[in-house]
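Below is one structure, written out as structure tokens; the observations come after it.
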Amino acid sequence: QVQLVESGGGLVQAGGSLRLSCTAAGRTLSRYAMAWFRQAPGKEREFAAAITSGGDREAYSDSIKGRFTISRDNAKNTLYLQMNSLKPEDTAVYYCAARWNYLGSSWPPPLYDYWGQGTQVTVSS
């Protein structure tokens with residue numbers, strides 16, 4: 001079992017920045033493809049960004065492309081989401097997710113094995 005823990009959420013004004021982090025206690029993430037999802041109030045959870053286990057390939061949803069950057073530091077066992085130029089519509093609970101040893105032909109992975117509890121991001125106008 002992998003327990004993912006997100007941090008870094010908070011309240012920020014529109015145009016500001018936040019950096020989210022996700023780590024796993026007691027388990028290395030270096031063999032996992034990782035992703036960020038988000039769920040806004042009253043909406044379904046949606047894909048935001050993903051990164052391969054080695055960090056050599058990324059994917060972004062159209063709504064965040066060019067503003068958010070996913071990255072990972074396997075030495076620190078941590079996944080990041082740098083969020084710049086935040087908009088009120090980015091307000092959501094952000095979740096990290098992990099997929100073990102993904103070798104599928106499609107990218108990003110369609111399914112994930114483990115999920116964090118989420119961290120709230122609120123962007124005020």
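- Minimum interatomic distance between Ser125 and Ala14 (heavy atoms only, all atoms of both residues): CA-CB, 4.3 Å.
- A 6.0 Å sphere centred on CD of Gln3 holds no more than 12 heavy atoms belonging to other residues, nucleotides or ligands.
- Within the 4.5 Å cutoff, the side chain of Met83 has no heavy atoms near those of the Val12 side chain.
- To the nearest 0.5 Å, the span separating CG on Leu4 from OH on Tyr32 amounts to 8.5 Å.
- Checked options Glu6, Arg38, Arg45; the residue passing with Tyr94 is Arg38 (criterion: side-chain hydrogen bond (donor to acceptor under 3.5 Å, both in side chains)).
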Tell me, with the steps shown, if Ile51 and Leu79 meet side-chain contact (heavy atoms from CB on, under 4.5 Å).
-> CA-CA 9 Å; Ile51 189 167; Leu79 172 74; 3.7 Å; yes
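- A side-chain donor-acceptor contact under 3.5 Å links Arg72 to the backbone of Leu29.
- With sequence neighbours excluded, no residue forms a salt bridge (Lys or Arg N to Asp or Glu O under 4.0 Å) with Arg27.
- The heavy-atom pair separating Thr78 from Lys76 by the smallest distance is OG1-O, 2.8 Å.
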Residues Tyr60, Glu58; criterion side-chain hydrogen bond (donor to acceptor under 3.5 Å, both in side chains); working and verdict | CA-CA 7 Å; Tyr60 297 93; Glu58 302 160 17; 2.7 Å; yes
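- Evaluation of the side chain to side chain donor-acceptor pair (under 3.5 Å) rule for Ser61 yields Ser63 as partners, not counting sequence neighbours.
- Listed by chain and number, the residues in a side chain to side chain donor-acceptor pair (under 3.5 Å) with Ser53 amount to none (sequence neighbours excluded).
- Here the straight-line distance linking atom CG of Leu81 with atom OG1 of Thr119 works out to 11.0 Å at 0.5 Å rounding.
- Residues passing the side chain to side chain donor-acceptor pair (under 3.5 Å) test with Ser106, sequence neighbours excluded: Tyr102.
- The shortest non-hydrogen separation linking Ala24 to Val2 is CB-CG1, 3.9 Å.
- Applying the side chain to side chain donor-acceptor pair (under 3.5 Å) criterion to Glu89, with sequence neighbours excluded, gives no partner residue.
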Hey, mind stepping through Arg99 and Leu111 against side-chain contact (heavy atoms from CB on, under 4.5 Å) and telling me if it holds?
-> CA-CA 7 Å; Arg99 173 69 183 265; Leu111 297 172; 3.9 Å; yes
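- Among all heavy-atom pairs drawn from Thr91 and Val123, the shortest one is OG1-N, 2.9 Å.
- A single hydrophobic cluster is not seen to contain both Leu20 and Val5; linkage of ILVMFWY side chains at heavy-atom distances under 4.5 Å, directly or through other members, places them apart.
- Other residues, nucleotides and ligands place no more than 12 heavy atoms under 6.0 Å from the CD atom of Gln117.
- The CD1 atom of Ile64 sits 12.5 Å away from the OG atom of Ser85 when rounded to the nearest 0.5 Å.
- Atoms CD and CG, on Gln13 and Leu11 in that order, are 8.0 Å from each other to the nearest 0.5 Å.
- Checked against salt bridge (Lys or Arg N to Asp or Glu O under 4.0 Å), Asp62 has the following partners two or more places apart in sequence or in another chain: Lys65.
- If you look at Phe68 and Trp36, their ring centroids are not closer than 6.0 Å.
- Note on Trp115: it does not cluster hydrophobically with Ile70, by side-chain heavy-atom contacts below 4.5 Å among ILVMFWY residues.
- A side-chain donor-acceptor contact under 3.5 Å links Thr23 to the backbone of Asn77.
- Cluster annotation: Tyr112 is connected to Tyr95 through the hydrophobic network of ILVMFWY side chains, with a link wherever side-chain heavy atoms come within less than 4.5 Å.
- To the nearest 0.5 Å, atoms CG (Asp73) and OG (Ser30) are separated by 11.5 Å.
- If you take OG1 on Thr69 and CZ on Arg19, they are separated by 11.5 Å, rounding to the nearest 0.5 Å.
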